[in-house]
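Reviewing the structure listed below.
These figures come from a predicted structure and were not determined experimentally. First the proteins, then the strands, lettered A, B, ... as listed; each starts at 1.
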Amino acid sequence: MLDRKYILENLEAVKENCRNRNMQVDVDRFAQLEALRREKQRLSEDLNREANAVSKSIGQAKTPEEREERKERGRAVREQAAALKAELDRIEAELDTVWRAIPNMAHPDAPIGDDDTCNTTRDYGKTPVPTYDFTPLDHVELAEKLDLIDFEGGARVAGSGFYFLKNEAVLLELALQQYAVNTLMRAGFTPVTTPDMAKNDILQGTGYIPRGNETQIYSIENTQLSMIATAEITIGGLMAGRVIEAERLPLRLCGISHCFRTEAGAAGRASRGLYRVHQFTKIEMFAFTLPQQSEAMHLELLGLERQIFDGLGIPYRVVDTATGDLGGPAWRKYDLEAWMPGRNEYGEVTSTSNCTDYQARRLGARYSVKGEKGTHFLHTLNGTAIAVSRALVAIMELYQQKDGSIAVPEALRPYTGFDIIRRKDA
RNA sequence: GGAGAGGUGGCAGAGUGGUCGAAUGCGCGGGUUUGCUAAACCCGUGAGCUCGUAAGGGCUCCGCAGGUUCAAAUCCUGUCCUCUCCGCCA
């Protein structure tokens with residue numbers, strides 16, 4: 001969420017930001033409700049003050065009659081206060097709904113536009129886009145020939161969108177995880193495995209909506225739990241409601257988790273094979289920083305993503321995400337899109353966002369400075385190190401050979417123990 | 001799954017109806033003393049919101065949500081979490 005005062009003081013800028021982000025939010029309604037809330041709050045406090053004073057005076061009453069008289073007075077005041085409080089609660093509930101719907105402000109340099117067609121390309125990776133003297137297959141065909149993925153089995157067991165990795169693909173998944181985690185540990189990240197489920201209020205704190213028509217989240221019936229869509233949720237939740245000393249910042253964490261997404265409304269979109277699935281493994285980077293550190297941290301996360309994909313020999317472009325495609329919490333977002341010969345286009349493989357204090361405010365994640373009174377909200381950032389399913393798509397398609405085999409990227413060989421994947425029957 | 005115990009300030013830990021935002025200790029900040037350091041002593045030290053130029057004041061918060069009462073950290077109900085023991089189990 002944005003700071004309430006900030007919204008009131010920058011009403012026009014907030015509205016323009018909503019327009020840029022292609023989000024319909026009634027910001028004026030927020031301002032209206034906030035004014036009303038303040039007024040009622042004031043009145044409510046006045047009544048509380050009076051009630052407290054009356055209560056205090058009862059202990060000092062000289063006579064039983066006086067005592068009874070004051071008790072009666074107390075009852076009356078408390079009754080009024082309760083009625084006003086109920087009204088205040090209603091206002092706050094509505095206010096909260098509108099408040100949550102207001103997206104984060106956007107970086108002044110983020111490209112303005114309604115959707116991903118307005119994203120701008122900043123740069124390209126070290127590896128050039130390859131050309132082939134044969135017709136490259138897509139990863140689904142390759143997986144079929146090399147017996148690497150069982151989509152039918154996945155569908156039988158869990159439904160469309162699930163899969164079994166098989167044979168060398170399993171080792172590739174493990175190798176990708178090790179490669180990414182080792183790279184990040186060298187960069188000063190603390191690795192963690194996280195729960196694959198989280199409480200719904202943690203989901204909401206990080207900006208995910210656990211239930212409702214358009215939810216991307218699987219929720220567990222009869223519980224307050226949901227399957228996580230990314231480790232961003234659980235790692236962000238680590239600091240929920242906590243205060244950290246400024247000198248311990250920034251905090252760099254990387255999490256290994258499974259990610260579960262319903263992909264509601266995604267049917268029909270380019271989603272063949274592993275590209276858009278309901279479950280995948282992901283190594284996620286996350287940082288908690290001071291406000292003045294977040295811009296640099298964002299570039300650091302982007303740099304690590306580039307390092308990881310350059311290291312894998314995967315050609316990619318770096319995309320600066322347009323305002324309309326930013327979602328709610330992000331102030332700025334960069335995606336890495338890898339070249340995928342099977343699609344004959346670039347496909348998103350990583351995404352890194354600077355959420356400034358927007359997530360932290362919802363989560364109540366704060367820091368304090370020694371010797372200063374009070375606390376401030378942290379900045380949070382996240383970035384994909386490796387989303388295994390998408391990385392596999394890119395690797396399989398890019399490293400395919402004329403003879404139908406798939407070479408293993410140099411960087412993964414120490415972990416896989418083999419350097420090529422061939423047909424089993426050859 | 002069964003049986004208990006407990007959740008209080010950065011930490012430890014008192015507090016069973018008003019004098020409690022809360023003893024005490026530790027930690028932390030400042031000071032006095034002191035060749036230096038340490039020790040000792042003194043003072044200060046939770047958060048959010050709000051009024052005020054400020055000094056200072058008010059409201060709310062003792063896991064969370066309700067209830068009883070003029071009044072709740074304290075009593076009642078529910079709930080979440082933690083710990084111990086037993087059972088089961090990768």
Side-chain angles (χ1 to χ4, degrees), chain A residues 1-9 30-31 33-96 99-100 193-205 210 219-226 233-234 237-249 251 256 258 288 357-378:
Chain A
M1 318 189 231
L2 291 176
D3 181 62
R4 292 198 238 229
K5 273 186 230 152
Y6 177 88
I7 299 171
L8 294 183
E9 286 162 11
F30 175 89
L33 285 166
E34 174 64 3
L36 193 60
R37 184 192 68 83
R38 282 180 173 224
E39 185 197 327
K40 299 292 177 187
Q41 175 93 40
R42 187 88 57 89
L43 292 172
S44 171
E45 283 181 10
D46 287 344
L47 283 174
N48 282 339
R49 183 180 315 127
E50 192 183 343
N52 289 343
V54 171
S55 291
K56 212 168 238 176
S57 77
I58 289 171
Q60 287 137 22
K62 302 275 189 301
T63 65
E65 295 75 37
E66 194 180 356
R67 200 178 162 83
E68 280 313 312
E69 192 180 306
R70 288 183 187 182
K71 277 169 89 161
E72 188 46 53
R73 171 91 188 119
R75 262 189 288 271
V77 176
R78 300 262 172 194
E79 200 172 309
Q80 273 184 68
L84 191 56
K85 178 68 165 45
E87 197 183 342
L88 186 59
D89 286 346
R90 276 197 305 278
I91 293 164
E92 277 184 339
E94 191 187 342
L95 183 71
D96 201 61
W99 191 13
R100 280 170 186 276
T193 64
T194 94
D196 282 342
M197 298 182 205
K199 294 182 188 169
N200 288 338
D201 54 317
I202 299 288
L203 284 264
Q204 269 155 1
S219 45
I220 314 295
E221 217 173 333
N222 301 323
T223 71
Q224 283 300 306
L225 288 171
S226 295
I233 293 169
T234 41
L238 272 179
M239 285 297 299
R242 302 181 45 127
V243 182
I244 188 171
E245 300 91 47
E247 61 259 44
R248 290 179 56 199
L249 298 168
L251 239 50
I256 307 178
H258 293 115
F288 296 101
D357 60 1
Y358 187 86
Q359 264 181 342
R361 186 170 288 108
R362 277 190 185 178
L363 286 168
R366 297 173 294 166
Y367 70 90
S368 61
V369 180
K370 226 181 208 150
E372 287 181 17
K373 255 194 144 6
T375 59
H376 315 276
F377 291 108
L378 293 163

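Counting only heavy atoms from C-beta outward, the side chains of A/Tyr367 and A/Thr375 never approach each other to under 4.5 Å. Counting heavy atoms from C-beta on, the side chains of A/Glu68 and A/Glu65 never come closer than 4.5 Å. No side-chain heavy atom of A/Leu8 sits under 4.5 Å from any side-chain heavy atom of A/Lys5. In this structure, the side chains of A/Arg366 and A/Leu378 stay at 4.5 Å or more apart for every pair of heavy atoms. Residues A/Leu95 and A/Arg4 have side chains in contact (heavy-atom distance under 4.5 Å, counting atoms from C-beta outward).
Between B/G2 and B/G13, the two C1' atoms lie 32 Å apart (nearest whole Å). For the P atoms, the distance from B/U19 to B/A73 is 9 Å, rounded to whole Å. Between B/U8 and B/A23, the two C1' atoms lie 12 Å apart (nearest whole Å). Spacing between B/A55 and B/C64 at atom P, rounded to whole Å, works out to 31 Å. Distance noted for atom C1' between B/U79 and B/C85: 24 Å (whole Å). If you take atom P in B/A90 and the same atom in B/U77, they sit 39 Å apart, rounded to whole Å. For B/A12 and B/G63, the P atoms lie 14 Å apart once the distance is rounded to whole Å. Using atom P as the reference point in both B/C61 and B/G21, the two lie 11 Å apart (nearest Å).
We find that CG of A/Asp201 is positioned 12 Å from P of B/A65, with the value rounded to whole Å. Rounded to an integer number of Å, the gap from A/Asp46 CG to B/G58 P is 13 Å. The interatomic distance linking A/Asp89 (CG) with B/C59 (P) rounds to 19 Å, in whole Å. For the pair A/Glu50 CD and B/A71 C1', the interatomic distance rounds to 15 Å; values are reported in whole Å. Rounded to an integer number of Å, the gap from A/Gln224 CD to B/C64 P is 17 Å. One can place CD1 of A/Ile244 at 21 Å from P of B/G46, the figure rounded to the nearest angstrom. Per the geometry, CZ belonging to A/Arg366 stands 6 Å off C1' belonging to B/A47, to the nearest Å. Nucleotide B/G48 holds its P atom 13 Å from the CZ atom of A/Arg361, rounded to whole Å.
If you check B/C61 for Watson-Crick or wobble pairing at under 3.5 angstrom, you find it paired to B/G46. As the counterpart of B/G6, B/C81 is assigned, both hydrogen-bonding distances of the Watson-Crick or G-U wobble pattern falling under 3.5 Å. Pairing for B/A71 is absent, with no Watson-Crick or G-U wobble pair whose two atom distances lie under 3.5 Å. Pairing partner, B/G1: B/C86, with both Watson-Crick or wobble hydrogen-bond distances short of 3.5 Å. Under the Watson-Crick or G-U wobble criterion, with both distances below 3.5 Å, B/A40 is paired with B/U32. Across every strand in view, B/G66 sits in a pair with B/C76 that passes the Watson-Crick or G-U test at under 3.5 angstrom. With a cut-off of 3.5 Å on both pairing distances, B/A54 has no Watson-Crick or G-U wobble partner at all.
Side chains of A/Thr234 and A/Thr194: a donor on one and an acceptor on the other come within 3.5 Å. Looking at A/Ser57 and A/Arg73, their side chains never bring a donor and an acceptor atom within 3.5 Å of each other.
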What's touching nucleotides 16-19 of chain B from the protein side, N or O pairs under 3.5 Å?
residue : atom : partner : partner atom : Å
B/G18   : O6   : A/Arg67 : NH2          : 3.0
B/G18   : N2   : A/Ser55 : O            : 2.8

Measure all distances between protein nitrogen or oxygen atoms and nitrogen or oxygen atoms of nucleotides 49-53 of chain B, and list the pairs falling under 3.5 Å.
residue : atom : partner : partner atom : Å
B/U50   : OP1  : A/Arg38 : NH2          : 3.3

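Within 6.0 Å of CD on A/Glu79 lie no more than 12 heavy atoms contributed by other residues, nucleotides or ligands.
A/Thr375 has a side-chain polar atom (N or O) that falls below the 4.0 Å cut-off from OP1 or OP2 of B/G48. Within the 4.0 Å cut-off from OP1 or OP2 of B/A71, not a single side-chain nitrogen or oxygen of A/Asn52 is found.
Note that the CG atom of A/Asp46 and the CD atom of A/Gln41 stand 10.5 Å from one another [nearest 0.5 Å].
Residue contacts for A/Arg78: at a heavy-atom cut-off of 4.0 Å it reaches the sugar-phosphate backbone alone, with no base atom in range.
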Step by step, work out the salt bridge (charged side-chain N to carboxylate O under 4.0 Å, His left out) result for A/Glu45 and A/Arg42. CA-CA 5 Å; A/Glu45 283 181 10; A/Arg42 187 88 57 89; over 6 Å; no
Can A/Arg70 and A/Ser55 be said to form a side chain to side chain donor-acceptor pair (under 3.5 Å), step by step? CA-CA 8 Å; A/Arg70 288 183 187 182; A/Ser55 291; over 6 Å; no
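Two residues, A/Glu245 and A/Lys199, neighbour RNA chain B, and the one matched to the more 5' nucleotide by heavy-atom proximity is A/Glu245.
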